[in-house]
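Reading through the structure tokens given below for one structure.
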Amino acid sequence: MDEPHTTASERAATALRAPRRVVVGVAGSIAAYKVPFVIRLLRQAGHEVKVVATESALRFIGAPALAAVSGQTVSTGVFDDPAAVEHVAVAEWAELVLVAPASADLLARVRAGRADDLLTATILTTEAPVVLAPAMHTQMWLNPATRDNVTVLRERGLTVIDPDSGRLTGRDSGLGRLPEPEQIVSRALAILRQPEHQDDDVASAETTGSLEGRHVVVSAGGTREPIDPVRYLGNRSSGRQGCALAAAAAEQGARVTLVQAHVASELLDALPPGVAVIAAGTASDMLHAVREVARDADAVIMAAAVADYRPLTVAATKIKKQASTVSDHRSGPTMSIELTTNPDILTGLVTDPPRAGQIVVGFAAETGDDDGDVLFHGAVKARRKRAHLLAVNAVGEDLGFGDVPNAVVVLDGQGSEVARGQGSKMDIARLLIGLTADLVNGS
Ligand code: CTP
């Protein structure tokens with residue numbers, strides 16, 4: 001009997017669903033409030049989570065909250081259930097130990113090989129990979145003692161994720177902030193995907209790499225159209241979805257080129273090694289960069305928010321208030337900037353592809369209005385743009401932009417629904433990359 005036909009997206013979904021057992025360790029830091037999001041992302045990706053919290057972690061976040069979000073009781077002490085020899089049981093159960101946040105004290109205790117609570121005892125006992133996501137004040141992170149602890153832990157094969165820079169507790173800001181949950185989970189799961197940490201089924205599903213030997217171009221971020229030397233017209237796109245797409249394509253074995261407009265360096269730093277990054281700040285820069293790198297691409301995914309208009313003229317010197325305003329009795333002085341249309345890169349890729357037969361994927365960020373809802377406008381756009389796939393998502397103050405869960409409906413060039421997905425931007429990215437791979441491979 002013939003093997004049932006499985007598409008790349010089904011294989012990707014199977015690999016994604018293969019549940020892994022993750023111990024999430026929580027140490028005492030104000031950043032512990034972010035851990036429920038980490039746990040939720042892991043569980044949404046299908047993994048089983050057991051939380052081990054230190055005593056001081058529970059001063060920042062309650063055990064009931066951690067138990068509710070993880071679906072399991074939370075353990076703290078080695079002697080919670082002495083007969084069960086819990087540190088051994090938990091350590092053997094784990095396929096990955098992820099500590100988020102890891103405090104300076106926890107790093108020091110792990111480095112010293114201490115085992116004075118369940119979390120450190122588990123880390124000392126486990127044979128699973130250990131990922132530590134530190135969070136602390138800048139001075140603590142930069143202190144030679146912590147630097148030394150991090151160096152030694154990395155030498156021993158533990159993964160220590162570099163903290164982000166940004167707002168810390170209170171009024172101060174600097175290096176030491178816990179990276180966003182999506183970044184932590186994506187780093188941790190990347191470790192589970194390494195061949196030595198996979199069970200055979202998952203390894204074969206993923207090393208098949210549905211985009212092995214293919215070149216995928218992804219655009220990300222938001223263009224900025226200059227008005228004068230200090231001002232620009234921009235948009236709120238963070239580039240997270242584009243970076244997730246680049247990572248998901250690399251996961252499937254593709255050679256990936258990311259053309260990015262104003263994406264934060266933390267997101268670019270977190271890309272998998274090997275992703276080529278090209279900066280293109282304006283719509284015109286992006287048009288040229290995308291078309292150039294797409295000349296040998298099997299697929300181009302336009303996730304960037306490209307400005308539809310740019311100022312007709314860019315002032316060579318800073319525009320002064322007095323010179324640019326006219327008086328208007330209704331609202332006080334006003335000023336106008338004349339705009340001209342930017343080229344539509346996506347439409348150009350469809351009507352005049354840099355390489356024959358390449359697959360073109362677009363996004364439609366919609367809000368819905370009196371004429372119709374998000375999906376109505378998405379379908380109109382799909383028929384207008386004629387990309388092979390168009391991922392339609394709702395955007396607004398709390399939807400779609402930034403580090404928030406996403407929901408998309410994927411349409412074909414006739415506006416018919418092909419798939420739906422929701423979850424983190426990485427979940428959405430994997431869905432779209434699976435669908436793109438199916439088209440690239442002709443299935
Ligand atoms: N896009 C593009 N070039 C542009 C504008 C948009 O390539 N000048 C691409 C985006 O990267 C995205 C898709 O077109 O993949 C849809 O972008 P969107 O802003 O939703 O659509 P618009 O064509 O700008 O339509 P509107 O703003 O009227 O909704």
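Scope of the values below: all heavy atoms of this structure, side chains included, with no hydrogens, waters or symmetry mates. Both counts, for ligands and for their atoms, begin at 1 and track the order of listing. We're numbering straight along the sequence, starting at 1.
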Could you tell me if Arg147 sits above the aromatic ring of Trp141, with its cationic atom closer than 6.0 Å to the ring centre and no more than 45 degrees from the axis? yes

At what distance is the nearest protein heavy atom to atom 13 (C) of ligand 1, and which residue and atom is it? Phe363 O, 2.9 Å

Can you report which non-hydrogen protein atom sits closest to atom 7 (O) of ligand 1, along with the distance? Leu346 N, 2.8 Å

Taking it one step at a time, do Asp285 and Thr282 satisfy side chain to side chain donor-acceptor pair (under 3.5 Å)? CA-CA 5 Å; Asp285 293 344; Thr282 64; 3.3 Å; yes

Protein contact to atom 28 (O) of ligand 1 [nearest heavy atom, distance to 0.1 Å]: Arg384 NH2, 4.4 Å

Looking at Glu366, Lys381, His377, Lys385, the heavy atom closest to atom 29 (O) of ligand 1 belongs to Lys381

Under a plain distance cut-off of 3.5 Å, with no hydrogens placed, do Thr223 and Glu225 share a side-chain donor-acceptor pair? yes

Closest by any non-hydrogen atom to atom 24 (O) of ligand 1: pick that one out of Ile345, Val360, Asp308. Asp308

If you measure from each heavy atom of Ala304 to ligand 1, is any distance below 4.0 Å? yes

If you draw a 6.0 Å radius around CD in Glu417, do more than 12 non-hydrogen atoms from other residues or ligands fall strictly inside? yes

Any N or O on Ala303 sitting closer than 3.5 Å to an N or O of ligand 1? no

Of all protein heavy atoms, the one nearest atom 8 (N) of ligand 1 is Pro343 O, 2.9 Å

Side-chain donor/acceptor of His262 to backbone N/O of Gly281, under 3.5 Å: yes

Is there at least one pair of N or O atoms, one from Met302 and one from ligand 1, spaced under 3.5 Å apart? yes

Only one of Arg355, Arg255, Arg214, Arg291 forms a salt bridge (charged side-chain N to carboxylate O under 4.0 Å, His left out) with Asp296, so which one is it? Arg255

